[in-house]
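Okay, structure first, notes after.
Residues take their numbers from the sequence shown, with the count starting at 1. Remember, it's a predicted structure, so these values are computed and weren't measured experimentally. Below, each value reflects all heavy atoms present in this structure, side chains not excepted, and no hydrogens, waters or symmetry copies.
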Amino acid sequence: QVNVVESGGGLVPAGGSLRLSCAASGNIFTIRPMHWFRQAPGNQREWVGSIADSDHTNYAESVLGRFTISRENAKNTMYLQMESLKPEDTAVYYCRITASNGMDYWGKGTLVTVSS
C-alpha cells in the first residue's frame, strides 16, 4: 500500500512559477523512477517527466527547460519546480509512485491554473 498526496497547486499568472510537491508513504519501491503527469480538462493524461534513483531526469518536450524535477528521499517527497508558466500548462498535476510489489499508485492531483 502506498499513499500519494500532491500539493502546491494554485492560480498563477503567465510567466510565473510554482513548486508542486508529491508526498508518498508506505511500501515504496525506492529504486523505481517517480513520475509527474498532468491532465487538462477534457484531455488525455500527459506524461510530464520523471526522476530515477540516480537522480537522472527526463522531461516531455513541452516542459523541457522550464520544469525541474527533484526528490528528497528522506521524506519520500518529489518536487516539480515550474518556471515560465504558460496558460497551456493549466491542468491537474498528478504523481505516480511504484510500490514494492510493482503496482503504481496515483494521488488525487493538485490543480494548477495559469492565467493570461
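The shortest side-chain heavy-atom distance between N27 and N101 does not fall under the 4.5 Å cut-off. Annotation: side chain of K86 is not in contact with side chain of V114 (no heavy-atom distance under 4.5 Å).
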Just do the side chain to side chain contact (heavy atoms under 4.5 Å, CB included) check on N3 and Y105 with the steps written out, would you?
-> CA-CA 7 Å; N3 187 53; Y105 288 80; over 6 Å; no
Passes side chain to side chain contact (heavy atoms under 4.5 Å, CB included), L20 versus E6? Steps please.
-> CA-CA 7 Å; L20 306 183; E6 302 94 342; over 6 Å; no
For side chain to side chain contact (heavy atoms under 4.5 Å, CB included), just list the numbers for R38 and V112, CA-CA rounded to whole Å, side-chain angles, deciding distance to a tenth of an Å, and then say yes or no.
-> CA-CA 9 Å; R38 67 185 182 186; V112 174; over 6 Å; no
Given W36 and M82, is the side chain to side chain contact (heavy atoms under 4.5 Å, CB included) satisfied, shown in steps?
-> CA-CA 12 Å; W36 283 102; M82 304 182 292; over 6 Å; no
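Placement of Y59 and L85 within a single hydrophobic cluster is found when ILVMFWY residues are connected by side-chain heavy-atom separations under 4.5 Å, directly or transitively. Residues V4 and M103 are members of one and the same hydrophobic cluster, defined by side-chain heavy-atom contacts under 4.5 angstrom among Ile, Leu, Val, Met, Phe, Trp and Tyr. The same ILVMFWY cluster, assembled from side-chain heavy atoms under 4.5 Å apart, contains both V92 and W47. Residue Y93 is not grouped with residue V5 when hydrophobic side chains (ILVMFWY) are merged at heavy-atom distances under 4.5 angstrom, including chains of intermediate members. Clustering ILVMFWY residues whenever any of their side-chain heavy atoms sit less than 4.5 angstrom apart, transitively, puts L18 in a cluster other than the one holding L11.
Interatomic distance, C22 SG to H35 NE2, rounded to the nearest 0.5 Å: 11.5 Å. Here R96 contributes atom CZ and M34 contributes atom CE; the two are 12.0 Å apart, rounded to the nearest 0.5 Å. Of the inter-residue distances, the one linking K108 atom NZ with C95 atom SG reads 13.5 Å to the nearest 0.5 angstrom. In this structure, the separation between CG on D53 and CZ on R71 is 4.5 Å, given to the nearest 0.5 Å. Note that CD1 of I69 and CG of L80 are 5.5 Å apart. Values are rounded to the nearest 0.5 Å. The OG atom of S62 sits 7.5 Å away from the CZ atom of F67 when rounded to the nearest 0.5 Å.
Closest non-hydrogen pair, F37 versus V48, comes out as C-CG2, 3.8 Å. Among all heavy-atom pairs drawn from S116 and P87, the shortest one is OG-CG, 3.9 Å. When every heavy atom of A99 is checked against every heavy atom of V2, the shortest pair comes out as CB-CG2, 3.5 Å.
Residue Q1 places its CD atom among 12 or fewer non-hydrogen atoms of other residues, nucleotides or ligands, all under 6.0 Å distant. By the neighbour-count criterion of 12 heavy atoms within 6.0 Å, atom CZ of R66 is densely surrounded, having more than that number from other residues, nucleotides or ligands.
Side-chain atoms of R32 do not come within 3.5 Å of backbone N or O of S100 as any donor-acceptor pair.
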